[in-house]
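Written below as structure tokens is the structure these notes are about.
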Amino acid sequence: MPRFSVPQAIDLTEKLQGIYQQIRFVDPNQCDVLILDDAALSKGERCVDKDRCFAFWGRSHRCRHCTSLCAYEFEKIHEKDEIKDGCLYHILSAPVELELSDKAIRPCVMELITSRRRNTEGRDLRDRMLLQSLSRSVRTTNAGIICFNNEEDCVYANVEAFRLFQAPQGELQVLQHFFKEWIDDSPLDTNENHWEQDYFMGAQHTEYKVDFHKVFDGEGRYTGYYYAIRDKSLQDILAHDENFDWTRDPLTGAYDQEGFQSAVANALEYGLVSDAYIICSNIKDFKLVNDFFGRGKGNEILCRISRIFKELVGESGIVGRLHSDHFAVLVDKGSFREHELLACMREISAMVESPLYRLCMHIGIYEIADRDMPVSVMCDRAHMALATVKDVGENYIAYYEQGLLERTLHEKEVLSRFDEALKNGEFMIYLQPQVNAESKLMGAEALVRWISPERGVMSPAKFIPILENAGIIYRLDQFVWESASALLAKWQGTEKENLHISVNISAKDTLFIDIYETFIDIVERHGISPSKLKLEITETALMSNIEVYNGLIKRLQQAGFQIEIDDFGSGYSSLATLKDIEADVLKIDMGFLQRSSESHRSTVILNSVISMSKNLGMPVITEGVETEEQLDTLRALGSDMFQGYYFAKPMPSEEFEARYFSERKKHDVQ
Ligand code: C2E
Ligand code: CA
Ligand code: CA
């Protein structure tokens, strides 16, 4: 490892001065820039805070990938690029040793920093950052814009600038040459920033108005400057607030996907926001807006969304249109108010007033926990939250929570394995006994289980909602109905033939199959009585479409089926359900009542629900019965049938048969 005395180190620094922008000796463990002074080094004096290495890069904490620390630890030269003040720097870190006058050795790292452009990629990056800042400051596009970085290189000019100076489009060098020849003084040194100047092109003479502006990055550091030049004779008719650079979406002026990602990465890197959210939005069925109202209206809505979001997030926020109607926003947590966002969503919804289409905006929010995570992954997380909203027909905000990633993966796995699992016989029905007030077995409810080779027995809560959302629950339900009917058929002519089996009908089934035809077909094929196959439909499903269900229920009843209102009490409209739906049996879930802390109130409610139901001619079955006390109370209140862990948990049908149909224990459950 190279070793230098302090005077040698000073000498070397001076020699290399012309080649490198900066030469420094650092202690990477402390983030200190060493003071090249023998006495100070011997005393172990520290540099002041503002001179600490990371302060040089405009940070308040250690750099994430400290090249010098790597160089120090691995005793090898390391290199990297770093951005400061919008410029790209190259840092070469070489491990060295300083030998002090008392012969003490101080290992450290010599950093050689260049601001030289290393390759076009570096140049692009730096200039892009300048243009991002530029696009924030420029207000009009009908002027010719010529932009220079702080190294006096022309980095951008718009079409109008090429036209004004009659330079070939895209030839920045030529334009720069014409322009520099023409422009009077360098206004960099003056305070003058608006003036008029003549332009002669052959015999042609035009008067131009010139505006000069410096460009600063988000932290107020000077990064370059631009001129806005207008032909004085032309009116500023088209004074728009639009932006023009290629990181922008031309329609709305918001960042495009790439621009958004780099703007957010910058804002996080340079601490322009502290705690922040990434918000992603989607309009439900936006395609229909274009179809019904035309593309013009669609575009108007997108522009309005962009404006509304910009107002919402303020100066420190960033708005991007990722694609079509998908927007993404970075907003400081401190200035974010959910009710303001909801108000924005309402304002956007109100842009369409039509019986044909209701404009709903769904929003997913990810709170940035790991600032080093790629911005695309942050957006993915906000989208993951957004995807949970799928079926909601109104404005809705969902937050990304820990575990959502796992849930999303699980959902993907369920959907990708479903077909194969159904084919392989991995689904089974379990039966849970239903008994009367004398504890006599009357029948059972069929509850499905997925016996997965990888995961073992999976409860329906793990896959039914997923299959419902995906619109394929009807396939599993049909399998359950077939299996239950096959069992009933098998029991015919035996001691078990009086038992019924209740099956569940999902709210989504009616959307995909003709329930009536399906059940008629099933009982006919299996040759069983419809009265033995009871059909459970949840209160919530029934109330979602009263007319459809009432019609269906009537036809099924006429064919001999019995309909049970499942999960009664779980919805918000229980009394209305009793009024509007003419079912045969009311099924109350103890669970819903138990969740109330007031057991006295629960009993009073149970009492009136049971007597009301009976007055309407509907027998009551209570499920979720877990204790003897519950059973006693329910019996006293007049419940006719019971189902619950107190009697038995759901079990495979073979076990059910073995348990209840042995000679010894006939139909008696207890
Ligand atoms: P559900 O229709 O209300 O079924 C009753 C649930 O309560 C069952 O859960 C059952 O195991 C559970 N349970 C029974 N007794 C007790 C008790 O004493 N205490 C407690 N805490 N729970 C009890 P399971 O089997 O996990 O089913 C959950 C839900 O999944 C069902 O609620 C139903 O909505 C749905 N489901 C189950 N099988 C099917 C099916 O084949 N098709 C459709 N569409 N949905 C099904
Ligand atoms: Ca049920
Ligand atoms: Ca239930």
Side-chain angles (χ1 to χ4, degrees), residues 414 418 421-422 426-435 443-451 456-487 500-513 515 518-519 522 533-542 544 562-571 574 577 583-595 620-631 633-634 639 641-653 655-656 669:
V414 164
F418 175 69
L422 197 58
E426 291 175 29
F427 289 100
M428 274 181 71
I429 58 167
Y430 273 37
L431 295 178
Q432 186 176 31
Q434 296 178 335
V435 306
E445 178 176 4
L447 294 155
V448 70
R449 296 289 181 270
W450 184 343
I451 323 289
V457 182
M458 265 205 278
S459 77
K462 288 242 164 64
F463 54 88
I464 288 204
I466 298 171
L467 299 177
E468 280 182 332
N469 265 335
I472 50 177
I473 184 65
Y474 72 96
R475 296 182 47 209
L476 184 63
D477 275 346
Q478 277 179 312
F479 163 81
V480 171
W481 305 338
E482 289 284 344
S483 312
S485 304
L487 267 181
H500 67 257
I501 298 183
S502 303
V503 293
N504 291 284
I505 297 179
S506 160
K508 291 291 178 68
D509 289 337
T510 50
L511 302 177
F512 298 96
I513 47 173
I515 302 268
T518 308
F519 277 110
I522 286 181
L533 195 62
K534 298 196 178 186
L535 312 181
E536 298 191 4
I537 311 178
T538 63
E539 178 197 345
T540 320
L542 290 170
S544 70
Q562 284 206 347
I563 314 296
E564 300 186 4
I565 304 181
D566 196 3
D567 294 350
F568 185 80
S570 64
S574 301
T577 317
D584 301 287
V585 179
L586 193 68
K587 192 164 187 184
I588 305 174
D589 191 330
M590 278 301 287
F592 299 126
L593 283 163
Q594 271 168 356
R595 259 169 247 142
V620 171
I621 170 163
T622 323
E623 67 179 324
V625 180
E626 291 183 348
T627 63
E628 194 167 357
E629 295 82 71
Q630 284 176 345
L631 178 64
T633 313
L634 289 163
S639 174
M641 280 211 278
F642 309 89
Q643 174 185 343
Y645 293 171
Y646 177 67
F647 303 101
K649 289 195 168 179
M651 63 193 89
S653 53
E655 195 180 320
F656 181 88
V669 173

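Order of listing sets the numbers, starting from 1, for every ligand and every atom in it.
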What are the atoms of ligand 1, with element, lying closer than 4.0 Å to any heavy atom of [X]?
X	result
Glu445	2 (O), 4 (O)
Glu626	17 (C), 18 (O), 19 (N), 20 (C), 21 (N)
Asp477	40 (C), 41 (O), 42 (N), 43 (C), 44 (N)
Gln432	10 (C), 14 (C), 15 (N)
Pro650	11 (O)

Quick check: does [X] have an N/O/S atom under 3.0 Å of the Ca ion (ligand 2)?
X	answer
Asn504	yes
Glu623	no
Asp566	yes

Do Val480 and Asn504 come close enough that some side-chain heavy atom pair is under 4.5 Å? no
Here the N/O/S atom of Glu445 closest to the Ca ion (ligand 2) would be OE2
What's the atom name of the N, O or S in Glu536 nearest to the Ca ion (ligand 2)? OE1
Polar-atom distance check: [X] versus ligand 1, any N or O pair below 3.5 Å?
X	value
Ser459	no
Asp589	no
Asp567	yes
Gln643	no

Non-hydrogen protein atom less than 4.0 angstrom from atom 23 (C) of ligand 1: yes
Under 4.0 angstrom from atom 44 (N) of ligand 1, is there any protein heavy atom?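 Within 4.0 Å of atom 44 (N) of ligand 1, protein heavy atoms are found.
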Option whose closest heavy atom lies nearest to atom 13 (N) of ligand 1, chosen from Phe463, Tyr646, Tyr645, Trp481: Tyr645
Ignoring hydrogens, just give me the one of Ala446, Pro460, Ser502 whose non-hydrogen atom is nearest atom 29 (C) of ligand 1.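 Considering heavy atoms of Ala446, Pro460, Ser502, the nearest to atom 29 (C) of ligand 1 sits in Pro460.
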Contact with ligand 1 for [X], non-hydrogen, under 4.0 angstrom:
X	value
Met590	no
Ala461	no
Lys649	no

Specify side chain, backbone, both or neither for Val448, according to which of its non-hydrogen atoms lie closer than 4.0 Å to ligand 1.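 Within the 4.0 Å criterion, Val448 contacts ligand 1 through backbone and side-chain atoms alike.
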Taking 4.0 Å as the limit for heavy-atom contacts, which would you say applies to Glu468 with ligand 1: side chain only, backbone only, both, or neither? neither
Main-chain N/O of Ala648 paired to Gln432 side chain as donor or acceptor, under 3.5 Å: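 Yes, Gln432 side chain to Ala648 backbone: donor-acceptor pair under 3.5 Å.
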Show your working on side chain to side chain donor-acceptor pair (under 3.5 Å) between Glu445 and Gln434 and close with a plain yes or no. CA-CA 7 Å; Glu445 178 176 4; Gln434 296 178 335; 4.6 Å; no
With the Ca ion (ligand 3) as the reference point, give the N/O/S atom of Asp567 that is nearest.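 For Asp567, the N, O or S atom at the smallest distance from the Ca ion (ligand 3) is OD1.
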Given the side-chain rings of Phe463 and Phe427, with only the six-membered ring counted for Trp, is the space between their centroids under 6.0 Å?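 When the ring centroids of Phe463 and Phe427 are compared, they turn out to be within the sub-6.0 Å range.
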